[in-house]
Number of protein chains: 2
Amino acid sequence: MTPLSITQAQMTRDPDQPDDNRPTLAEVARIAGVSEITASRALRGGTHVARATLERVQTAARAINYMPNRLAGTLAGGASRQVAVVLPSLSNSVFSDVLHGLETRLEQAGHHPILGVSNYDPLREERLVSDLLSWRPAGLVLAPAVSTAETRRLLAGSGVPIVEIMDVDPAPIDTTVGLSQRAAGRAMAHYLLGRGYRRLAYAGHDISTDPRALSRLQGLQDGLAEAEVTLAATVLLPGPSSVPLGRDAVGQLLQDCPVGAGHDRLVVCFSNDDMAVGGMFHALSAGLDVPGDLALAGFNGLAIGQALPLPLTTIASRRVEIGELAGAALLARVAGKPVEKVQDVGFRLVIGATT
Amino acid sequence: MTPLSITQAQMTRDPDQPDDNRPTLAEVARIAGVSEITASRALRGGTHVARATLERVQTAARAINYMPNRLAGTLAGGASRQVAVVLPSLSNSVFSDVLHGLETRLEQAGHHPILGVSNYDPLREERLVSDLLSWRPAGLVLAPAVSTAETRRLLAGSGVPIVEIMDVDPAPIDTTVGLSQRAAGRAMAHYLLGRGYRRLAYAGHDISTDPRALSRLQGLQDGLAEAEVTLAATVLLPGPSSVPLGRDAVGQLLQDCPVGAGHDRLVVCFSNDDMAVGGMFHALSAGLDVPGDLALAGFNGLAIGQALPLPLTTIASRRVEIGELAGAALLARVAGKPVEKVQDVGFRLVIGATT
DNA sequence: GCAAATCATGACAGCGCTGTCAATTATGTT
DNA sequence: AACATAATTGACAGCGCTGTCATGATTTGC
């Protein structure tokens, strides 16, 4: 494999492989009979390298199964190609969807997410942001929990592009991609009022740590207030949202809010679709007439809600797209291109058969 | 802030901050009046450092908002604390559950996943493995798609611990955590046969790229073959599994397999719970008697299946636990502790009301 | 009280790679 | 053919940190 013509480069120090025998760029260069820097240039892009040299280096690299060490490359001045991603949860499919879109977009550009999950814990979020930034990522994508001041300080002082996702209402630290959670809640209120409902209840999970669910509820209340309507009842159950929790929540709610003959029809707004699907299951089990006795409205537009025998009325968010756009925004920022501070992807009211 | 006593260390080169003004360890050391290496030791663990020095260094670090550069640390010989994770999908909640468990366990040890999603594409998986390994992670966790020989070569030659997850049947490259997909399929066959079913059908997504769904189907067929029963019909729809797809699959299946009065009762086995829930929704919409006319069996034991008005018969896999155990196994390997080659977490037949 | 052990600290080198700038060679122009 | 321009290559230094070994300071044992 080694070319016969002995050059100076081939005589320089022979990197004795220690215990870790991974080949280095120096070895590739030696075999190809070029300097390290030329090998480096050949292996990326190949600009400013003669075609013959390029091929010689590539052949050498392949021959010894060379794999670049990106730690070294990044430390030496290359762009990082890692993107820190901090999410509040993975049990809710909302964030796996976002992550999916984000990963797809990043991968197209050869970037990879380093992931942190805060479980809606502000201190954990803070630690994650700090930990992940210490890897000197190209940027950071954050679906904020209730962030601490220290978290915001870390982000603002990080010197890398920050993309906050999901809610466009809070003032962005840098850039934001999402929808107006508050407007979404309001839109639901308007729709339900327009539909003639005047008796509304709310069933949610522990929204004290979930700022977006809280914003939606506030938007809902705002919208109702405009018509001087208030929520007839509210049930908040501890723990993260889930189908079973929604089922329980409705069960509990109906103890205070009787439905059926002799009662005004009731519509329950849920903190999200998972909860609403649970509510639907309760209604099915209890033999309630939906939407005659009990109407249901969710939020997110998950596939499951639309596959129900009665498609769920909900507000569809564009989660995968938010992930993709967040990735695109980050990559654009990294490339020095200008990016809109706020990208509102909007939402869509999905009128199902449950209202 | 700077101590008044001028020491030699303070006179050495003043690192002029370029455009990137992030403080370095050298600056912390200078302010604390110690050498870099002492500052380094003080900032991690604090072993072999006098208490007074330790506090001085920590104070200095805090004063200038020092944040370590882990790229440099890892390159210089520290352990990586990044773990490559390659999954075939994120649209299925199975893998978000696994990722959740994994991330939780890793985070406890200050490690973070770098994520890649292959979409069940072998070549993409190969590229991801290669890309992620170039970050010199402490280890790699893989839920394999149909892996290429090159992928296996990369993994075997990586020199870091590899944990394959989800299926314990294939021979592990290094270590594996999961369950026997084949045995799970077989267990379902035995249960259904024992329950008296003799007319069975299968409804699945595109399982040609999903080795585990394929193994379960094979296990199912193995189990049926023992009683000389064969599948009466099979419907495979293109695309990834989803609730709507399951609904469609059953609709299509019933065109060939009539059910109801005058027909033997039929049980449909689905490639997973998502599909089965879709099937259930179809049955509800079509007014079919479940399980009288049509029985349904899923796989995975997702919460959604259990929250249905009729809880789904399924086989519960321990996904979060698999993630946690995979993380634990990896961390143990990194720490040089011995780890079982194969960890079979088993599965649990969940007898619902749909069979 | 003095050798032997322990503790605290630092000098040095280097992890593997890339940016900058300079040197060399090939190509084009009239 | 002589010069200007471009293409190709390399030397050098250093990114920020940590392992190893050596040194001086301090304590312990009998």
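Just so we're on the same page: letters track the sequence lines, and every chain starts at 1.
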Asker: Is any side-chain N or O of A:Ser40 closer than 4.0 Å to OP1 or OP2 of C:dT18?
Answerer: yes
Asker: Just the rounded figure in Å: distance from C1' of C:dA26 to CZ of A:Arg51.
Answerer: 17 Å
Asker: B:Leu25 CG to C:dC15 P: how many Å, rounded?
Answerer: 20 Å
Asker: Can you find a side chain N or O atom of B:Thr38 that sits less than 4.0 Å from OP1 or OP2 on C:dG10?
Answerer: yes
Asker: Any ion pair linking B:Glu36 and B:Arg30 (charged N to carboxylate O, less than 4.0 Å)?
Answerer: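 No, no charged N to carboxylate O under 4.0 Å.
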Asker: Taking NZ, NE, NH1 and NH2 as the nitrogens, is one of them in A:Arg70 or B:Asp131 under 4.0 Å from a carboxylate oxygen of the other?
Answerer: yes
Asker: Want to settle it: does A:Pro23 or B:His48 sit nearer the 5' end of DNA chain C, counting the closest nucleotide to each?
Answerer: B:His48
Asker: Using atom CZ of B:Arg56 as one end and atom C1' of C:dA8 as the other, report the distance to the nearest whole Å.
Answerer: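 That distance rounds to 12 Å.
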Asker: Closer to the 5' end of DNA chain C via nearest nucleotide, is it B:Ala72 or B:Ala50?
Answerer: B:Ala50
Asker: Less than 3.5 Å between a donor and an acceptor, one on the side chain of B:Arg70 and one on the base of D:dG16, is that the case here?
Answerer: no
Asker: Quick one: which of B:Val141, B:Leu331, B:Leu132 gives a side chain to side chain contact (heavy atoms under 4.5 Å, CB included) with B:Val83?
Answerer: B:Val141
Asker: For the pair made of CE in A:Met67 and C1' in C:dC17, what is the distance, rounded to whole Å?
Answerer: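 Computing the A:Met67:CE to C:dC17:C1' distance gives 16 Å.
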Asker: Decide yes or no for B:Met166 and B:Phe95: does some side-chain heavy atom of the first lie under 4.5 Å from some side-chain heavy atom of the second?
Answerer: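 They are in contact (side-chain heavy atoms under 4.5 Å apart), so the answer is yes.
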Asker: For the side chain of B:Arg41, counting heavy atoms from C-beta on, which of C:dC17, C:dG16, D:dT20 is nearest?
Answerer: D:dT20
Asker: Starting at CD1 of B:Ile37 and ending at P of C:dT9, how long is that distance when rounded to a whole Å?
Answerer: 12 Å
Asker: Considering only heavy atoms and no angle criterion, is a donor-acceptor pair shorter than 3.5 Å present between the side chain of A:Arg136 and the base of D:dG16?
Answerer: no
Asker: B:Ala76 has a side chain; which of D:dA11, C:dG14, C:dG10 sits nearest to it?
Answerer: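 Nearest to the side-chain atoms of B:Ala76, counting from C-beta on, is C:dG14.
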Asker: May I have the distance from A:Leu71 (atom CG) to D:dC17 (atom P), rounded to whole angstrom?
Answerer: 14 Å
Asker: Would you say B:Thr53 places a side-chain N or O within less than 4.0 Å of OP1 or OP2 belonging to C:dT9?
Answerer: yes
Asker: Taking any heavy-atom pair under 4.0 Å as a contact, classify A:Thr74: base, sugar-phosphate, or nothing.
Answerer: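 Nothing, no nucleic acid heavy atom in range.
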Asker: Starting at atom CD of A:Glu36, determine the distance to atom C1' of D:dC15, rounded to an integer number of angstrom.
Answerer: 15 Å
Asker: About how many Å separate CG of A:Asp121 and OG of A:Ser89, when rounded to the nearest 0.5 Å?
Answerer: 13.0 Å
Asker: Give the rounded distance in Å between these two atoms: CG of A:Leu75 and P of D:dG14.
Answerer: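 These atoms are roughly 14 Å apart.
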Asker: Would you please confirm or rule out a distance under 4.0 Å between OP1 or OP2 of C:dG19 and any side-chain N or O of A:Arg44?
Answerer: yes
